[in-house]
Amino acid sequence: MEGERLASPARSSGLPAGGAGGESPGVDAPLLGSSGSSTLLQAEVLDLDEDEDDLEVFSKDASLMDMNSFSPMMPTSPLSMINQIKFEDEPDLKDLFITVDEPESHVTTIETFITYRIITKTSRGEFDSSEFEVRRRYQDFLWLKGKLEEAHPTLIIPPLPEKFIVKGMVERFNDDFIETRRKALHKFLNRIADHPTLTFNEDFKVFLTAQAWELSSHKKQGPGLLSRMGQTVRAVALSMRGVKSRPEEFMEMNNFIEVFSQKINLIDKISQRIYKEEREYSDEMREYGPIHILWSASEEDLVDTLKGIASCIDKCSKATEKRMSGLSEALLPVVHEYVLYSEMLMGVMKRRDQIQAELDSKVEALTYKKADTDLLTEEIGKLEDKVECANNALKADWERWRHNMQNDIKSAFTDMAEENIQYYEQIRNRGLEKSNSLYDLT
């Protein structure tokens, strides 16, 4: 395409390529209540036994908390208002399309790593072309996430998949792991693209369009090492100091995040346990078909019956495999993504508290300090504006994140329930076939 700026279009060999994915549509979250109360509903939950790793049992009315208990005001800062405005008659047009695919392995004398091809198609005027193709490695995604958090400390940045592998999972450069990571990176970029504020971030644009050497040069810009260290030390000091009085609405948010984190981690653990047990069951069932075929070779009078049972077992095994595929592709990634989201939310609340703690420290200094009162008063005014902008950004983004979370989780569990219904109907039909074969056997 004329006018396109493309990075080296090297393609992978032997590694899985993926297509575009999207966010799941849906409605209300099954985890969350719908009454007007803002109190947490108690759930009767049995503690997990560390040795046996037993599943936990929920009461029927278990719920995290009322999702409608928060009614944050719309942001009042000009930038936030511009990004949030949407006219009722304005169509929801998407003008930025991103695909992450074609993972490629790179081996150097120092390290081995994977890069992913990122194709961006857009009709936005601020881009100097309508299509871009670049390759990025995981460290580049980490850089982008850090820049977004730096520029928007109280916006809810989508989570990245973990860098390191959990014990017992697949090997780092296993094809299944690479494909799982590719899908997660694809979702990460598309969630940013769909965000009303993050999508216009300059570093995000550079990430999508710059060639490798341009991105490397761009990364070197910004504050130096000593400046970053000073900012880190100040942030740690403010976090240790804490805030004297957190506003009630943010206390409620923080309480929700704590309970949500507990519940979603529990669901993630249970889902992984179910998948593991179903996988073992499927592997064992797959062995029974060939066994009945071998058995039929030594039983001339039962050949047809035993082969019929083997066929029935084979069909059940295939149905189970299909169900397992749905579980691993539809439910598990969504649940685990929101486990990572819960960690991101804790970080957002911490950064909001640091901004408020900085304001509190200046106010306290003004109370006890007689000199330089004019300078402190000016700094306090700026910090008050900063706190207000941070609070408004978080409140608006909280509502947006909450809505997406409801849709994603409800959709994932609804789709899984429909697949289970289809699965058990197939198993029931196969069971009737097997019963008829056993009847012939007798």
Side-chain angles (χ1 to χ4, degrees), residues 16-32 53 55-56 58 99-101 103 158-159 161-162 165-166 168-170 174-188 190-191 263-289 311-341 404-434:
E23 297 183 22
S24 302
V27 284
D28 298 327
L31 298 177
L32 306 167
D53 197 26
L55 300 184
E56 302 197 25
F58 293 88
T99 302
V100 179
D101 61 10
E162 297 96 333
I165 303 187
V166 179
M169 291 184 65
V170 295
N174 177 280
D175 287 355
D176 292 336
F177 170 77
I178 293 174
E179 176 62 10
T180 299
R181 171 169 282 187
R182 182 201 65 77
K183 291 178 179 179
L185 296 176
H186 175 92
K187 178 170 283 191
F188 170 75
N190 278 276
R191 285 198 185 276
K263 300 295 184 184
I264 200 68
N265 274 277
L266 180 60
I267 292 173
D268 184 53
K269 187 172 184 179
I270 291 174
S271 300
Q272 295 290 346
R273 171 69 181 274
I274 291 174
Y275 180 80
K276 179 182 177 182
E277 292 182 349
E278 289 284 344
R279 171 58 59 196
E280 293 173 352
Y281 166 72
S282 177
D283 292 342
E284 184 176 354
M285 182 169 58
R286 196 183 301 114
E287 299 176 359
Y288 288 134
S311 175
C312 174
I313 293 175
D314 182 62
K315 292 177 181 178
C316 288
S317 178
K318 290 180 179 179
T320 303
E321 281 293 328
K322 182 179 178 181
R323 177 170 173 267
M324 295 296 298
S325 176
L327 181 63
S328 64
E329 294 179 5
L331 181 63
L332 297 184
V334 173
V335 172
H336 192 68
E337 182 188 21
Y338 278 96
V339 169
L340 301 178
Y341 256 123
N404 288 341
M405 181 268 292
Q406 288 177 317
N407 290 347
D408 291 345
I409 293 181
K410 179 60 179 288
S411 179
F413 277 94
T414 300
D415 292 346
M416 197 67 242
E418 291 176 353
E419 287 199 16
N420 284 343
I421 292 173
Q422 296 176 5
Y423 167 75
Y424 286 114
E425 286 178 348
Q426 293 177 11
I427 293 298
R428 181 194 62 183
N429 295 335
R430 303 297 177 253
L432 292 176
E433 294 178 10
K434 187 174 181 180

[X] [atom1] to [Y] [atom2] distance, which is reported to the nearest 0.5 Å:
X    : Y    : atom1 : atom2 : answer
I409 : N404 : CD1   : CG    : 11.0 Å
L185 : I178 : CG    : CD1   : 11.5 Å
N265 : I270 : CG    : CD1   : 11.0 Å
M416 : E419 : CE    : CD    : 4.5 Å
D176 : R181 : CG    : CZ    : 14.0 Å

Query raised in the report: Heavy-atom count around Y423 OH within 6.0 Å, excluding the residue itself: above 12?
Result: yes
Where do [X] and [Y] come nearest, in terms of heavy atoms and distance?
X    : Y    : answer
I264 : V339 : O-CG2, 3.7 Å
D283 : E287 : O-CG, 3.6 Å
P159 : F188 : O-CD1, 3.6 Å
S328 : S325 : OG-O, 3.0 Å
T320 : M285 : OG1-CE, 3.2 Å
E162 : L340 : OE2-CD2, 3.5 Å

**Report entry** Note: R191-D408 ion pair, threshold 4.0 Å (strictly below)
**Finding:** yes
Query raised in the report: Are the charged groups of E321 and K318 less than 4.0 angstrom apart, N to O?
Result: no
Within the 4.5 Å heavy-atom criterion, are [X] and [Y] side-chain neighbours or not?
X    : Y    : value
D268 : Q272 : yes
V100 : K187 : no
K315 : C312 : no

Query raised in the report: What pairs of residues pass the salt bridge (charged side-chain N to carboxylate O under 4.0 Å, His left out) test when at least one of them lies in residues 322-332, not counting sequence neighbours?
Result: E278-R323
Query raised in the report: L332 and side-chain contact (heavy atoms from CB on, under 4.5 Å): which partner among T180, I274, L327?
Result: L327
Report task. Examine distances only and state if a side-chain atom of S317 and a backbone atom of I313 form a donor-acceptor pair shorter than 3.5 Å. Result -> no
